[in-house]
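Below: the structure, in structure tokens.
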Amino acid sequence: MINVDEILPHWFTWLPVWEDMEEAPHVYGLLCDLVEQNHPAVLGANNSQLPRVVAVIAEAFAREAVGPDTPVGRRMISLVQQIQGNGDLFQLCVSPLSDEQKSALQSAMSVLTIPS
């Protein structure tokens with residue numbers, strides 16, 4: 001029997017992915033599912049992996065693996081907007097991003113305004 005809680009942390013280390021445009025929406029959809037469920041295998045203890053989650057999302061947008069106007073892209077933006085609601089946490093998450101990632105994330109978030 002496969003222990004999903006053992007596999008998920010390994011799966012998370014393989015992100016971001018951008019080569020397979022057919023699989024990308026499924027991969028990022030699963031990431032959204034896990035974050036929305038507050039799954040500790042992805043978020044880590046005390047949400048310590050949130051900066052990594054934001055970096056993965058930013059890189060996915062930077063590599064155009066997922067468009068911000070797609071269903072999964074909107075979910076990803078919604079997650080980032082929820083984090084943005086806590087200014088200090090958001091700064092902690094975006095400060096290590098590259099300029100390209102910051103620009104892609106900002107661009108994706110400006111394309112779509114999701115009601116809170």
I'd like to check the side chain to side chain donor-acceptor pair (under 3.5 Å) partners of Gln37; sequence neighbours left out, ordered by chain and number. none
Can you name the closest pair of heavy atoms from Leu30 and Trp11 and give their distance? CD2-CZ2, 3.8 Å
Can you list, pair by pair, the side-chain donor-acceptor contacts under 3.5 Å of residues 46-64, counting residues two or more places apart and other chains?
from: Ser48; atom 1: OG; to: Ala45; atom 2: O; distance (Å): 3.1
from: Arg52; atom 1: NH1; to: Leu15; atom 2: O; distance (Å): 3.4
from: Arg52; atom 1: NH2; to: Phe12; atom 2: O; distance (Å): 2.9
from: Arg52; atom 1: NH2; to: Leu15; atom 2: O; distance (Å): 2.6
from: Glu59; atom 1: OE1; to: Gln101; atom 2: NE2; distance (Å): 2.9
from: Glu59; atom 1: OE2; to: Arg63; atom 2: NE; distance (Å): 2.7

Leu79 and Cys32, any side-chain heavy atoms less than 4.5 Å apart: yes
What heavy-atom pair brings Leu92 and Pro96 nearest, and what distance separates the two atoms? O-CD, 3.3 Å
Under the side chain to side chain donor-acceptor pair (under 3.5 Å) rule, what pairs show up with a residue in residues 84-96, not counting sequence neighbours? none
Which side chain to side chain donor-acceptor pair (under 3.5 Å) pairs, counting each pair once, include a residue from residues 17-26, with sequence neighbours left out? none
Minimum heavy-atom separation for Glu6 to His10, with atom names? O-CD2, 3.1 Å
Value rounded to 0.5 Å, distance of CD in Gln81 from CZ in Phe90: 9.5 Å
Given Ile77 and Val80, is the side-chain contact (heavy atoms from CB on, under 4.5 Å) satisfied, shown in steps? CA-CA 5 Å; Ile77 292 168; Val80 174; 5.7 Å; no
Does any non-hydrogen side-chain atom of Trp14 lie less than 4.5 Å from one of Val27? no
Using side-chain contact (heavy atoms from CB on, under 4.5 Å) as the criterion, list what pairs up with His39, not counting sequence neighbours. Asp5, Leu8, Leu34, Ala41
Residue pairs passing the salt bridge (charged side-chain N to carboxylate O under 4.0 Å, His left out) test with at least one member in residues 93-109, sequence neighbours excluded, are none
Mind checking side chain to side chain donor-acceptor pair (under 3.5 Å) for Glu36 and listing every partner two or more places apart, or none if nothing turns up? Arg75
